[in-house]
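A short write-up of the structure that comes next.
Nothing here was measured: the structure is a model prediction, and the numbers come from that model. Remember, it's 1-based here, ligands and their atoms both numbered in the order they're listed. These values consider heavy atoms only, across backbone and side chains, with no hydrogens, waters or symmetry-generated copies.
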Amino acid sequence: MSSAKKYSCCSPPKLVAVSGVIFYLSSISFLLYNQLNSPTPNFLSPLLLNFPCPETSKNSENSPTEIHHLMFGLVGSAEAWKHRKSYIESWWRPNVTRGYLYLDTTPSPELFPWSSSSPPLRISEDISKLLNETKHVAPVMARMVHAILEIFRQERDGVRWFVMGDDDSIFFVDNWVNALGKYDHTKYFYIGGQSEAILSNVMYSFEQGFGGAGFALSYPLAQALANNLEDCLRRYPNLTSADLITMTCIADLGVSLTAEKGIHQVDLRTDISGFLSSHPQVPLMSLHHFDVVNPIFPLKNRSQSAIHLMKVANFDQSRIMQQTICYNKKISWSVSISWGYSAHIYEEIIPRSILKRPLKTFTPWARNSTGPHYMFKTRESKDPCEAPTIFYLDNVEQISPNSEIITSYVRAAIAPPGLSSCSSGENSSKHIIKIHVFSPATKRIETGRSECCNIDKQVGRDIVKVKIRSCAEDEIIR
Ligand SMILES: *[C@@H]1O[C@H](CO)[C@@H](O)[C@H](O)[C@H]1NC(C)=O
Ligand SMILES: *[C@@H]1O[C@H](CO)[C@@H](O)[C@H](O)[C@H]1NC(C)=O
Ligand SMILES: *[C@@H]1O[C@H](CO)[C@@H](O)[C@H](O)[C@H]1NC(C)=O
Ligand SMILES: *[C@@H]1O[C@H](CO)[C@@H](O)[C@H](O)[C@H]1NC(C)=O
Ligand SMILES: *[C@@H]1O[C@H](CO)[C@@H](O)[C@H](O)[C@H]1NC(C)=O
Ligand SMILES: *[C@@H]1O[C@H](CO)[C@@H](O)[C@H](O)[C@H]1NC(C)=O
């Protein structure tokens, strides 16, 4: 018998009275079953467990999902927090984002008083008794999974989704709110992302939400998981990955992964700019392994890169890193914008189907595997006309709340190796030092289609203007 406390909803006597009859009829067999099987029959707890959780705060069940409905559970180590703090603080909104940071031990004194820009600190519970009992092969992993139970116990009033993640990940909170808002939080949902590395999915599971990048549990699923978590840790003492244990426990509850493409585990190494410059056409939700990959902006370190990216993300998360491609046939240019991150100029007309593929600037996660490595096709640019002239985000501005947002991109100081100019005539991109991208003040609405853009290049000028707009109904982008 589990020692774990069973979690039920707050205090539903009123609800019981109102819908008691219907509920009684529909759940009579469930109650009987429970009484027969439970060593300590308890009429109330199955009743409560079977009940959708009432939200006691401002909103009713049907209201749109908002930021306060999300509870973040971030799991990290005291040792790494010193330098990872800046990644989390780049996106954490004090007193707006709800959640807690769980560290393995109390961090060193110089981190106190605890920064109000960081998530509130909790120290992971001591589960050594449980570990002794189960002989768990990976105590650290068991601790990470246990954090789900701990955060559920900590705070659940008015929560619709529990979002678990690592301390070396950057979250785009508005996009999580929108993405989770598509699902019914009163049902059982396990939402996460697969790895970009084929081998990671093979070794762990294609059915697993890779936890570093974050996964979300709807309230009823988090509740069911919390109620069974310690028993589940007892069932699987030999699993060596926290994400795999979590998936296995969730699978035992009959729930499967719903994959979201904007959640990025980033099982890639070195320079991921090629990957980020062809982000799939969905809102970006998270970037994990920020500590492993090179700083994403060439002249900045990792913390500066996180702050730089979040600065522009705060103007418009709906477009951040979304790829928009456009052409100027007269000068024979293709331009690919990864909004808020990079801009690429090609002195050739290259179809979207090709430009959508990430440029292989990165290396595989598994250093010595033979491949195939990635869950997507990549491309290389051997011919200088297939290689872009690369620009990275410099600045973002918006003159007034309703005016267009102008992001500017400057030429990368570090040119990719082997790049020589494609053409040298009047239409060469050699002289271009900056690109200004104008995008609408209104958020991008997902239509199943990318946006379109126009390229304005004046002879003799060293700045190119690109205007992002909606595509016309039958517009062919090429
Ligand atoms: C958050 O709220 C607390 C308590 O209401 C307040 O003391 C603190 O200054 C607030 N922090 C920020 C960054 O607004
Ligand atoms: C765990 O087991 C070890 C030896 O088997 C023992 O020394 C230790 O006190 C136990 N810890 C707990 C918390 O039970
Ligand atoms: C875990 O592995 C050990 C050693 O191989 C084995 O004895 C034990 O039965 C395994 N436990 C489970 C639950 O599979
Ligand atoms: C990153 O750069 C900033 C500004 O120069 C500096 O304060 C910070 O210490 C650097 N961080 C690391 C980890 O080097
Ligand atoms: C350069 O672009 C102009 C249009 O702006 C075009 O008339 C001209 O033919 C192009 N030159 C070359 C070498 O492609
Ligand atoms: C790959 O790496 C593993 C572990 O690091 C090592 O045992 C193995 O020999 C390596 N294989 C090759 C082909 O280098």
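Looking at atom 13 (C) of ligand 3, its nearest protein heavy atom turns out to be Pro237 CD, 3.7 Å. Atom 3 (C) of ligand 5 has its closest protein heavy atom at Asn427 ND2, 3.7 Å. Looking from atom 10 (C) of ligand 4 to the surrounding protein, the closest heavy atom is Asn301 ND2, 2.4 Å. Among all non-hydrogen protein atoms, the one lying nearest atom 4 (C) of ligand 5 is Ile331 CG2, 3.9 Å. The nearest protein atom to atom 9 (O) of ligand 3, hydrogens excluded, is given as Asn238 ND2, 4.8 Å; this is a heavy-atom distance.
Taking the charged nitrogens against the carboxylate oxygens, Arg319 and Glu451 do have a contact shorter than 4.0 Å, which makes a salt bridge. Checked for salt-bridge contact, Lys457 and Glu426 miss the test: no charged N lies under 4.0 Å from a carboxylate O. A salt bridge is absent between Asp462 and Lys434; no separation between the charged side-chain nitrogens and carboxylate oxygens falls under 4.0 Å. Checked for salt-bridge contact, Lys467 and Glu404 meet the test: a charged N lies under 4.0 Å from a carboxylate O. A salt bridge is defined here as a Lys NZ or Arg NE, NH1 or NH2 lying under 4.0 Å from an Asp or Glu carboxylate O, and Glu133 with Arg234 meets this definition.
In the vicinity of Lys330, heavy-atom distances shorter than 4.0 Å reach the ligand 5 atoms 2 (O), 6 (C).
Distance remark: protein heavy atom not present below 4.0 angstrom from atom 7 (O) of ligand 4.
Note on ligand 4: Gln304 sits in its first shell, one or more heavy atoms being nearer than 4.0 Å.
Within a 6.0 Å sphere centred on NZ of Lys377, heavy atoms belonging to other residues, nucleotides or ligands number 12 at most.
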